[in-house]
Number of protein chains: 2
Amino acid sequence: MLDKYTTLIKIVSGYIMNQNNFESRVTIDHVASLCGFSKATVSRVINREGSVKPATEAKVWEAIKKLGYMPNNAASALSGGKTRTVAVYLPDVKTEYYAALLTGLEDVAEKKFFNIIIKTKNNKKALYDLAINNKVDAFVLRNNGLQPFDHDVLVAIKRQGIPVVFIGKPPTESDSHAILIDNVGGARLMAHHYVQHGFKNILFIAGPKDNIDSNDRLYGFKMGLNEMSADIQTLDIAHGDFQRESGYQAAQETFENHKYDAVFAASDHMALGAMLYCRSKGIRVPEDVAITGFDDTFFSEFLDPPLTTVRQPMQDIGSIAMETVLNILEHNSSRFQKMILPTQLQIRKSCGCTHT
Amino acid sequence: MLDKYTTLIKIVSGYIMNQNNFESRVTIDHVASLCGFSKATVSRVINREGSVKPATEAKVWEAIKKLGYMPNNAASALSGGKTRTVAVYLPDVKTEYYAALLTGLEDVAEKKFFNIIIKTKNNKKALYDLAINNKVDAFVLRNNGLQPFDHDVLVAIKRQGIPVVFIGKPPTESDSHAILIDNVGGARLMAHHYVQHGFKNILFIAGPKDNIDSNDRLYGFKMGLNEMSADIQTLDIAHGDFQRESGYQAAQETFENHKYDAVFAASDHMALGAMLYCRSKGIRVPEDVAITGFDDTFFSEFLDPPLTTVRQPMQDIGSIAMETVLNILEHNSSRFQKMILPTQLQIRKSCGCTHT
DNA sequence: CTGAAAGCGCTTACAG
DNA sequence: CTGAAAGCGCTTACAG
C-alpha cells in the first residue's frame with residue numbers, strides 16, 4: 001500500500017492522481033501509511049470509539065484532512081459499521097406537504113453528511129431489504145394512518161437494532177420515537193374562532209373513518225365548542241380522504257339537504273374542494289357559507305378568498321425528525337420519545353373575517 | 001456454509017430463522033449450497049452475464065426464489081459490482097414542481113428495485129463522494145440553470161463511467177443524455193393565442209438573465225408573434241427569479257408607467273405574483289389585464305381566475321429520466337441522447353377566455 | 001460452462 | 001493504547 005501512496009504525484013481532495021494520471025480513491029490504507037499508524041487505529045479515530053491517545057488522534061486527523069479521505073460506506077456497511085444513510089418513507093410525495101417535510105429532512109441530513117434514501121411506496125420487500133441488508137442506519141417513517149405498516153417489517157427493523165422515528169402517531173404506542181403535531185389544540189382554536197363568529201350549523205369534513213389525525217382534529221374541535229358552551233344546532237360529519245375531490249363530493253352530498261353556516265375540513269385540499277363546489281354553484285364564500293381547513297398548504301393563502309386554516313410547521317417537522325434520529329444514532333438516546341409541535345390558527349378571509 | 005443452511009428450521013422470504021430463533025440474512029452461499037453450484041455461478045446468473053447453461057440457470061433461480069434471496073448491495077458495490085441505487089439531484093424540492101418530478105422518478109425506480117438517494121443541495125463534496133466512492137450506479141441531475149454544476153464533479157462522474165441524464169439542458173452539449181421540454185413550442189403556442197386575443201401591449205416577466213429555460217420561452221414567444229405578423233406595440237421584458245415575489249415586484253415596477261393588455265410570465269409562480277399585485281390594487285384580471293404563466297403547477301387551475309398557462313408534464317419527465325438512465329445501465333445505451341417532451345397550452349380564464 | 005481463490009475497504013474481537 | 005488478522009458478502013480474472 002505504501003508504495004502505491006509514494007508514487008503519487010498529485011493529491012486532490014478525496015482522490016489520488018498517480019503517474020498515469022489515473023484517479024484512484026484514497027483508502028484507509030493511504031491514511032494509515034501517511035500517519036504511521038495501523039488502519040485499525042485510523043478506523044477507531046474516525047468512529048470515535050475505543051481509546052486512542054490524543055496525540056495519535058491528532059496525527060490521524062491531520063493525515064485524513066491532507067488526503068481528503070472519506071470512508072467508503074459500502075465497506076463500512078459490509079463489515080458491520082455504519083452507512084451514514086437513513087431511509088425516509090414518505091407516502092405521496094407529490095403534494096407540497098411532503099415536499100416541505102422532505103426539505104426539512106434533507107437540510108439537516110446534508111449538514112451531517114448523511115444520505116437519504118427515499119421511499120414513497122409502502123413496499124414490504126423494499127423496506128425489508130433496507131433493514132436486513134444493512135443499507136441504512138436509521139429510519140424515518142411517515143405514518144399518515146392510511147397505509148398501515150407491515151408488522152414484520154417493523155419487527156425486523158427493531159430486531160436489527162435500527163432506530164426509527166415516526167412522523168405522526170406510531171403504530172405501536174410503546175417505546176417509539178415520534179414527532180407529532182398538536183391536532184387537538186389546533187382544532188380547538190378553530191372551534192373557539194367558530195364560536196366568535198357565532199356559527200351554529202356546522203359541517204365537519206373528516207378524513208377516513210379511523211384516521212388518527214382526523215379523529216384528533218374532530219375531538220379537539222368538539223372540545224373547543226364545549227369549552228365555550230357553544231349553542232350548536234347541527235354538527236354533521238362527512239368523510240373524505242383528505243384529497244380535494246372528496247371535499248367537493250362531501251359538499252355536494254350534504255349541501256342539498258342542509259344549510260350550513262360553516263364547514264371545517266380536516267385538510268386544506270378538502271376545503272379547496274368544498275370551495276370549488278361552492279364556486280360552481282354560485283354559493284358565496286364566506287357570505288353564504290364559511291369554509292376553513294387544516295394544514296396551511298402552500299396555495300391556501302392565494303385562494304380567493306384566502307383560506308382560514310390551522311398551520312402546521314411541516315418543514316420543522318422534517319428537520320426535527322431527522323435531528324432526533326441522528327441524535328439517537330450518535331448518543332444512543334434522544335431527549336424525548338415523543339415531541340408534539342404546536343399548531344396555530346391562521347386567520348384569513350374564508351371564515352368571514354375581514355383581515356387584510 | 002452448508003451446515004449453516006441445513007440447521008435452519010424456518011425460512012421466511014429474505015432471511016433465515018435458525019434454531020435459536022435468531023434471524024440472519026440469506027447470502028449467496030445459502031443459495032449456492034441449495035442449488036449445488038458455486039457462488040461464482042450464482043453471481044453470474046444474478047447479473048445475467050457470462051455464459052451459464054440454461055438448465056443450471058433455472059436451478060439457481062429456483063433456489064433464489066425459494067430462499068427469497070436478495071443480494072447485499074454493500075458487498076456488490078465493494079467488489080466492483082452494482083449498487084442498484086441512483087443519485088437524484090433536485091434543487092429546491094419544496095415546490096410541487098419538484099415533488100412531481102420526484103414522484104415520476106420514484107415510480108419507475110421502485111418497479112425496478114432501485115433505490116434513490118436524493119440530494120437537494122449543490123454540494124460539491126457530497127456529489128463527489130457519491131461518484132468516487134461507488135455509492136451509486138447512475139445520476140439524474142436537474143439543471144435549472146440557476147446553480148451551475150461543479151466542473152470537477154462532472155468530470156469525475158464521467159471518468160468513473162457513471163451514466164448521467166440531465167433534466168433540462170446539459171451544461172456541456174456534447175454526449176450528454178437529457179430530458180428536455182419544448183419551451184420554445186409552448187411559448188410559441190401562447191403567442192398565437194395572444195394574437196387571437198389581439199393583445200398589443202405585452203409584458204414578459206422573464207427568469208434571471210441568461211437562464212436557458214426563460215430565454216427559450218421568450219424566443220418561442222417572439223417567434224410565435226412574428227409568425228402571425230402580429231401588430232405588437234410594446235413588448236417589455238422584466239426579470240424575476242421564477243418565484244412569486246419577483247412576479248409581484250415586476251408588476252409593481254412596470255405597471256406604474258405602462259398600461260399592458262397582457263402579461264406572460266415565464267413561471268406560474270411569477271404569474272401568481274403578478275395576479276396578487278393586481279388583486280391588491282383592484283386591477284381586474286382578465287378584464288383590465290390578462291395574465292398567463294408557464295408550468296401548470298398544481299394550484300394554477302384553482303386560482304381565481306384560473307390561470308391560462310403552458311403545461312409541462314412534470315411527472316412524465318421524472319419517469320422518463322429514470323427509465324432512460326436505467327436503460328443505459330442495463331443495455332449500455334439509450335435510444336436517444338436528448339428527448340424533448342411536448343408542452344401544451346392550457347387555456348383557462350386568466351387570459352380572457354370564457355372557457356368553463 | 002463452472003469453480004477456487006483473491007480481493008474490494010472497512011470493522012472488530014483478540015492479543016499484547 | 002495499538003496492531004495483526006479474520007471476516008463481512010459479493011465479483012471477477014484465471015484456470016480448466
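These numbers come from a predicted model, not from an experiment. Values below: all heavy atoms of this structure, side chains included; hydrogens, waters and symmetry mates excluded. Note on naming: letters A, B, ... go to the chains in the order of the sequence lines (proteins, then strands), and numbering restarts at 1 for each one.
Using a distance-only test at 3.5 Å, with no hydrogens or angles considered, no donor-acceptor pair links the side chain of A:T41 to the main chain of A:F37.
The side-chain contact (heavy atoms from CB on, under 4.5 Å) with B:F166 is formed by just one residue from the set B:I179, B:L141, B:L180; it is B:L141.
What separates CD1 of B:I46 from P of D:dG9 is a distance of 14 Å, to the nearest Å. Counting to the nearest Å, the P atom of D:dG9 and the NE2 atom of B:H30 are 8 Å from each other. Between B:K59 atom NZ and C:dG3 atom P there is a gap of 11 Å when expressed in whole angstrom units. In this structure, the CG atom of A:D29 is 9 Å from the C1' atom of C:dC10, given to the nearest Å. The nearest whole Å value for the distance from the CG atom in A:N73 to the P atom in C:dC8 is 18 Å. A:I28 has its CD1 atom 5 Å from the P atom of C:dC10, to the nearest Å. Note: NZ (B:K39) to P (C:dA5) measures 11 Å, nearest angstrom. Look at CZ on B:F37: it is 6 Å from P on C:dG3, rounded to the nearest Å.
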Under the side chain to side chain donor-acceptor pair (under 3.5 Å) criterion, do B:N115 and A:K119 qualify, and how do the steps go? CA-CA 8 Å; B:N115 289 321; A:K119 290 286 160 189; 2.7 Å; yes

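Phosphate contact (OP1/OP2 of D:dC10, side-chain N/O of B:S79, threshold under 4.0 Å): absent. Using a 4.0 Å cut-off, no side-chain N or O of B:T41 falls inside it from OP1 or OP2 of C:dT2. OP1 or OP2 of C:dC1 has not a single side-chain nitrogen or oxygen of B:T56 nearer than 4.0 Å. Within the structure, a side-chain polar atom (N or O) of A:S43 is placed less than 4.0 Å from OP1 or OP2 of C:dT11. A sub-4.0 Å separation between OP1 or OP2 of C:dT11 and a side-chain N or O of A:N47 is present.
Summary of the strand contacts: B:A75 and B:G36 both lie near DNA chain C, and taking for each the nucleotide with the nearest heavy atom, the more 5' one is attributed to B:G36.
Look at B:R84 and B:D137 and you find no salt bridge, because none of the NZ, NE, NH1 or NH2 atoms lies under 4.0 Å from a carboxylate O. Look at B:K124 and B:D152 and you find a salt bridge, because one of the NZ, NE, NH1 or NH2 atoms lies within 4.0 Å of a carboxylate O, short of that distance.
Pairing for D:dA13 is absent, with no Watson-Crick or G-U wobble pair whose two atom distances lie under 3.5 Å. A 3.5 Å limit on both hydrogen-bonding distances identifies no Watson-Crick or G-U partner for D:dA4.
Distances were taken from every side-chain heavy atom of B:N72 (C-beta onward) to each of D:dG9, C:dC10, C:dA13; the shortest belongs to D:dG9. Closest approach to the A:P71 side chain among D:dA4, C:dC10, D:dG9 is made by C:dC10 (side chain taken as heavy atoms from C-beta onward). Here the side chain of B:S76 is nearest to one of D:dG7, D:dC10, D:dA4, namely D:dC10. Considering only side-chain atoms of B:T27, the nucleotide from C:dC10, D:dT2, D:dC10 that sits closest is D:dC10. Of the listed nucleotides (C:dC10, D:dC1, C:dA4), C:dA4 has the atom at the smallest distance from the side chain of B:A40. In this structure, the nucleotide among D:dC8, C:dC10, C:dA4 sitting nearest to the side chain of A:L78 is D:dC8.
For B:P163 against B:V325, the heavy-atom pair with the smallest separation is O-CG2, 4.2 Å.
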